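Here the structure comes first, spelled out in structure tokens, and everything after it is commentary.
A note on names: the letters A, B, ... follow the listed sequences, proteins ahead of strands, and every chain is numbered from 1. Note that the structure is predicted; figures quoted are calculated from it, not measured.
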Protein chains: 2
Amino acid sequence: MKVKDTLTYLKAHDIKPSAQRLAIMNYLLTHSNHPTVEVIYQALSTKMPTLSRTTVYNTLKLFVGHGASLSLTIDDQQQSFDGDTSLHAHFLCTRCGKIYDLPMDDSFKNQLGKTVEGHIVTELHQYYKGVCATCIKNEIKSLK
Amino acid sequence: MKVKDTLTYLKAHDIKPSAQRLAIMNYLLTHSNHPTVEVIYQALSTKMPTLSRTTVYNTLKLFVGHGASLSLTIDDQQQSFDGDTSLHAHFLCTRCGKIYDLPMDDSFKNQLGKTVEGHIVTELHQYYKGVCATCIKNEIKSLK
DNA sequence: AAACAACTTTGTAATGGTTACAATGTTGGA
DNA sequence: TCCAACATTGTAACCATTACAAAGTTGTTT
């Protein structure tokens, strides 16, 4: 993903660009690691030493408000962000804490924009918790 | 729900009973309001003046660990608890903040205990966000 | 019934993530 | 170039949660 594409992406979501916004959005679009504020801050502050945590907080809030990124609250203790705003589910590994993307059930997807028991649905979230494939492998290896 | 039933419920989940644990569990089992720690604390501290917030925190963590209640993290800013541990979905109204119970999709339900893309699934969560029926009615009323 | 050990509760203090705010920096249009 | 609107920064405040040590409770053994 080029910086120019990120610029286009921001404009498409009615977000006025700035060096900080471009850097943060570009990070989200090129990393599928579902980062926290701190992860983003640490990753970018080397290249952009004046970057402030407050800016990362404000910017991410702005992105979410404009539909340019998703806020994930799978775990109580960490808020994650996702540059992929398409409808998909998430899997949180309770061992290593990693978050994986998974497809969302079609029957659930179809309820977006519809009414369910009189309530208007504007947002859908679906997530799994458990032990990921990598942790299972490591577990087996350590038993041998 | 009688206190005796609550006692049975705690024992069934291998939780040693105490006056505080009974009171908190009984609150959860008789209220479907998906309360936060603070709501539970405020509700019970009148009847039990020595109750401490720390106890509410510790007790709820104990309940969740023993599968006697669910921890809901639908919103970043508030953690809720649910005494109904059966598989069901939730609807969060972004206007009034109320949380409603909804049925969970069967196809999603069926994945519990199974493997998805190599990951073992031990927990499922599904939730909707939007505007609830009550808020829609109030909105319409205010326009007249 | 007393003594004791294990467990639970309590209140205060510490922690740490998030937000408020005022000062500084930046941008784009007149 | 100037100016107004907007964005960023860093510090301080906030507040929900947790750590901890003291006090209280329970149940068992003698």
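- With hydrogens and angles ignored, the 3.5 Å screen pairs no side-chain donor or acceptor of B:H88 with any backbone N or O of B:P103.
- Counting only N and O atoms by type, the side chains of A:Y127 and A:D75 include no donor and acceptor under 3.5 Å apart.
- Looking only at distances, a side-chain donor or acceptor of A:T73 sits under 3.5 Å from a matching main-chain atom of B:I74.
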Could you run through nucleotides 15-30 of chain C and give me one letter per nucleotide, 5' to 3': B if any protein heavy atom sits under 4.0 Å from the base, S if only the sugar-phosphate is that close, - if neither? --SBBB----------

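- The backbone N or O of A:G130 sits less than 3.5 Å from a side-chain atom of A:T94, completing a donor-acceptor pair.
- If you check every strand for non-hydrogen atoms under 4.0 Å, A:S18 touches sugar and phosphate atoms only.
- Between the side chains of A:Y128 and B:Q111, a donor-acceptor pair is found at a separation under 3.5 Å.
- A donor-acceptor contact shorter than 3.5 Å is absent between the side chain of B:H119 and the backbone of A:C93.
- Bracketed by its first and final contacts, the part of DNA chain D lying under 4.0 Å from non-hydrogen atoms of chain A reaches from D:dC6 to D:dT18 in 5' to 3' order.
- Contact of the A:N26 side chain with the A:L22 side chain is not registered, since no non-hydrogen atoms from C-beta on lie closer than 4.5 Å.
- Atom CE of B:M104 and atom NE2 of B:H90 lie 8.5 Å apart (nearest 0.5 Å).
- Each of B:P49 and B:R21 was matched to the nucleotide of DNA chain C holding its nearest heavy atom; the match closer to the 5' end belongs to B:R21.
- Using a 4.0 Å cutoff on non-hydrogen atoms, no part of residues 62-72 of chain B comes near DNA chain C.
- Considering only heavy atoms from C-beta on, B:H34 comes within 4.5 Å of B:D101 through its side chain.
- The cluster map of Ile, Leu, Val, Met, Phe, Trp and Tyr, joined by side-chain heavy atoms under 4.5 Å apart, puts A:I99 and B:V121 in different clusters.
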